[in-house]
Amino acid sequence: MSYAVTNPATGETVKTFDTITDAGLQAAIASAENAYRTWSKTTTVEERAALVRRVGELHVERRQELADIIVREMGKPVEQALGEVDFAGAIYEYYADHASEFLKDEPIQLLDGAGSAVVRRSALGVLLGVMPWNFPYYQVARFAGPNLIIGNTILLKHAEQCPESAAAIERMFLDAGFPEGAYVNIYASHDQIETVIADPRVQGVSLTGSERAGAAVAEIAGRNLKKVVLELGGSDPFILLSTDDLDATVQNAVDARLDNSGQSCNAAKRFVVADELYDSFLAKFTAKLAEVEATDPTSESSALGPLSSLRAAEGLDEQVQRAVANGATLVRGGGRNGAFFETTVLTDVTPENPASKEEFFGPVAQVFRAKDEADAVRIANDTPFGLGSYLYTTDEQQALRVADQIEAGMVFVNVVLADGAELPFGGVKRSGSGRELGRFGADEFVNKKLIRIGG
């Protein structure tokens with residue numbers, strides 16, 4: 001395994017980084033354990049929150065430098081890269097603002113006996129984070145921010161194609177005033193990650209990534225009785241049952257599909273449209289997608305860059321071809337030029353087509369016709385995934401009724417791109433388990449210790 005920055009827009013390998021040695025890895029674990037035993041035990045929530053706040057400020061101060069790094073690493077259009085950096089900064093600020101509230105003691109009213117009882121939240125110890133390439137700063141922020149405030153210390157294994165942003169993140173934690181060992185970047189191999197999870201000094205692991213990676217990490221964590229949080233793939237439905245403004249809804253659908261060049265776990269990927277709106281939606285949606293061309297991600301006007309790598313684009317190409325070979329209709333697109341991929345629309349994807357059960361990580365949309373509300377729910381839930389979902393309707397009662405029936409961790413009604421630092425993020429089924437962000441994100445890796453005092 002090698003860590004390297006390879007610009008997907010040009011194919012140029014810009015810089016390589018050495019994988020950590022086994023001795024270096026042991027030193028990293030020891031450093032994180034020492035920071036937990038010393039710094040974490042001797043600082044207050046408020047002191048740790050102040051350091052996390054400073055990390056957020058450094059993201060904003062260094063936003064252009066940080067954005068340029070990930071444009072090189074994974075091809076994100078520069079304006080979206082700047083937005084990601086800002087969002088990461090806001091997440092650190094959010095947890096700094098709410099740290100005392102989230103970690104305050106929780107009294108329990110006794111049913112019997114005198115005295116009192118309280119649940120006190122405290123750190124578990126050293127945690128491992130395994131993070132993906134698609135949102136290099138945001139993914140780290142939602143894991144590291146709350147856990148460092150809690151008092152956990154972090155070993156962070158970033159994606160192999162994001163070594164430069166990984167180093168920049170570690171530098172910000174050190175520059176903010178965190179001690180050595182509180183946040184440690186490790187360029188580890190897959191075999192070394194198994195060693196980290198098994199180490200008794202490590203108390204838990206959080207992974208954002210593919211189903212395959214999640215299954216592997218969960219298996220190792222299970223064997224070693226470690227707490228695990230998994231945020232895996234998604235094939236989120238966008239259900240359209242009614243609308244007062246079809247053009248605006250279509251634009252929202254396009255935005256929901258093309259965010260991060262279509263490489264977002266919770267992007268809308270399957271568009272389930274009521275029969276009476278299907279033909280109009282498909283025509284307008286296809287036309288709007290056709291207006292968006294993949295361009296140089298360093299341009300401020302770029303809305304769609306290359307995919308993260310040539311390998312990713314080749315894999316998406318194979319998926320589209322396989323879908324068509326199994327009966328899908330290619331309505332638009334399907335072309336590839338290196339790592340750049342055309343916006344693409346598929347229809348007539350039957351339940352027997354492998355495409356109906358796969359995640360398409362790129363600017364490819366599947367459009368389905370639904371006979372009625374019940375059929376729309378059936379199609380939406382006919383997937384092994386259950387991360388997010390989108391629902392458009394003018395009927396408030398229908399919105400609540402359908403939202404209750406969707407098998408997903410998140411439902412967004414009449415809105416897209418509405419994630420927030422305060423909103424819990426996570427899924428069900430093969431999309432993983434656990435939550436990040438919001439109050440729930442600060443409640444995963446904590447010891448909820450009961451203290452019962454007699455009267």
Side-chain angles (χ1 to χ4, degrees), residues 1 3-5 17 19-20 25 28 32 52 55 59 66 69-70 73-76 81 84-85 87-89 91-92 95 126-148 152-173 182-190 192-194 196-197 202 204-218 220-221 226-234 260 263-266 308-309 312 361 387 419 421 425-427 431-437 441 444-445:
M1 172 185 291
Y3 284 78
V5 178
F17 295 73
T19 303
I20 194 169
L25 183 63
V52 165
V55 172
H59 276 70
L66 295 173
I69 289 172
I70 60 175
E73 286 182 330
M74 48 76 63
K76 190 187 295 284
E84 180 188 336
V85 175
F87 190 19
I91 290 170
Y92 290 113
Y95 280 112
V126 181
L127 304 178
L128 169 66
V130 182
M131 296 293 121
W133 50 261
N134 58 336
F135 291 95
Y137 302 116
Y138 160 67
Q139 300 282 3
V140 172
R142 64 191 201 179
F143 168 63
N147 281 302
L148 283 166
N152 295 312
T153 54
I154 305 296
L155 296 167
L156 201 292
K157 188 265 181 216
H158 221 314
E160 289 85 1
Q161 71 188 80
C162 294
E164 193 175 357
S165 57
I169 295 169
E170 183 183 48
R171 172 47 51 194
M172 283 188 286
F173 278 100
Y183 180 99
V184 186
N185 174 54
I186 54 173
Y187 297 130
S189 69
H190 294 162
Q192 287 175 321
I193 287 304
E194 182 169 355
V196 176
I197 298 173
V202 176
V205 55
S206 178
L207 174 138
T208 298
S210 67
E211 290 179 85
R212 184 175 65 178
V217 164
I220 300 164
K226 302 294 176 72
K227 164 80 177 190
V228 63
V229 168
L230 301 173
E231 195 271 279
L232 308 178
N260 201 35
Q263 301 168 114
S264 177
C265 298
N266 65 321
S308 62
S309 66
F361 223 54
L387 187 55
D419 298 352
F425 189 106
S431 289
S433 59
R435 292 295 181 269
E436 294 181 295
L437 295 177
E444 289 286 354
F445 293 103

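Contact check for Val55 versus Tyr183: no side-chain heavy atoms found under the 4.5 Å cut-off. Contact of the Ile70 side chain with the Phe135 side chain is not registered, since no non-hydrogen atoms from C-beta on lie closer than 4.5 Å. In this structure, Ile154 and Phe143 have side chains that are in contact, with non-hydrogen atoms separated by less than 4.5 Å. Within the 4.5 Å cutoff, the side chain of Pro146 has no heavy atoms near those of the Glu444 side chain. Side-chain contact between Leu156 and Met131 is present, with at least one heavy-atom pair separated by less than 4.5 Å. Looking at Glu160 and His190, their side chains come closer than 4.5 Å, going by heavy atoms from C-beta outward. Cys162 is not listed as a side-chain neighbour of Tyr3, based on a closest heavy-atom distance of 4.5 Å or more.
Residue Ala182 comes nearest to Leu148 through the heavy atom pair O-CD2, 3.4 Å, listed as atom of the first residue, atom of the second, then distance. Ala28 approaches Ile186 most closely through the heavy-atom pair CB-CG2, 3.8 Å. Between Gly145 and Val52, the shortest heavy-atom contact is O-CG2, 3.9 Å. Taking all atoms of both residues into account, the shortest heavy-atom contact from Asn185 to Ala166 is OD1-CB, 3.4 Å. Pairing each heavy atom of Thr19 with each of Ser189, the nearest pair is CG2-N, 3.9 Å. Across all non-hydrogen atoms, the minimal contact from Ala144 to Phe173 is CB-CZ, 4.1 Å.
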Start with the C-alpha distance between Asp419 and Asn266, add both sets of side-chain angles, then the distance that settles side-chain contact (heavy atoms from CB on, under 4.5 Å), and finish with yes or no. CA-CA 10 Å; Asp419 298 352; Asn266 65 321; 3.2 Å; yes
Working for side-chain contact (heavy atoms from CB on, under 4.5 Å), residues Val229 and Phe445: CA-CA 9 Å; Val229 168; Phe445 293 103; 3.7 Å; yes
As a quick check of understanding, evaluate side-chain contact (heavy atoms from CB on, under 4.5 Å) for Met172 and Leu66, giving each step before the final call. CA-CA 11 Å; Met172 283 188 286; Leu66 295 173; 3.7 Å; yes
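His158 places a side-chain N or O within donor-acceptor distance of the main-chain N or O of Pro136, the cut-off being under 3.5 Å. Side-chain atoms of Lys226 do not come within 3.5 Å of backbone N or O of Val205 as any donor-acceptor pair.
Gln161 is linked by a side chain to side chain contact (heavy atoms under 4.5 Å, CB included) to Met74, Trp133, Ser308, counting only residues two or more places apart in sequence or in another chain. Every side chain to side chain contact (heavy atoms under 4.5 Å, CB included) that Ser431 has, sequence neighbours left out, goes to Phe385, Leu387. Ala141 pairs by the side chain to side chain contact (heavy atoms under 4.5 Å, CB included) definition with Ala88, Ile91, Tyr92, not counting sequence neighbours. Listed by chain and number, the residues in a side chain to side chain contact (heavy atoms under 4.5 Å, CB included) with Ala218 are Leu230 (sequence neighbours excluded).
Rounding to the nearest 0.5 Å places CD of Glu73 at 13.0 Å from OG of Ser309. In this structure, CG on Asn147 lies 5.0 Å from CG on Leu127, to the nearest 0.5 angstrom.
Partner Ile193 forms a side-chain contact (heavy atoms from CB on, under 4.5 Å) with one of Leu155, Leu128, Leu25 and no other, that one being Leu128.
Every pair passing side chain to side chain donor-acceptor pair (under 3.5 Å) that includes a residue from residues 134-146 is listed here, sequence neighbours excluded: Tyr138-Arg142, Gln139-Arg142, Arg142-Glu231, Arg142-Glu436. Applying the side chain to side chain donor-acceptor pair (under 3.5 Å) test to every pair with at least one member in residues 208-218, sequence neighbours left out, gives these pairs: Glu211-Arg430.
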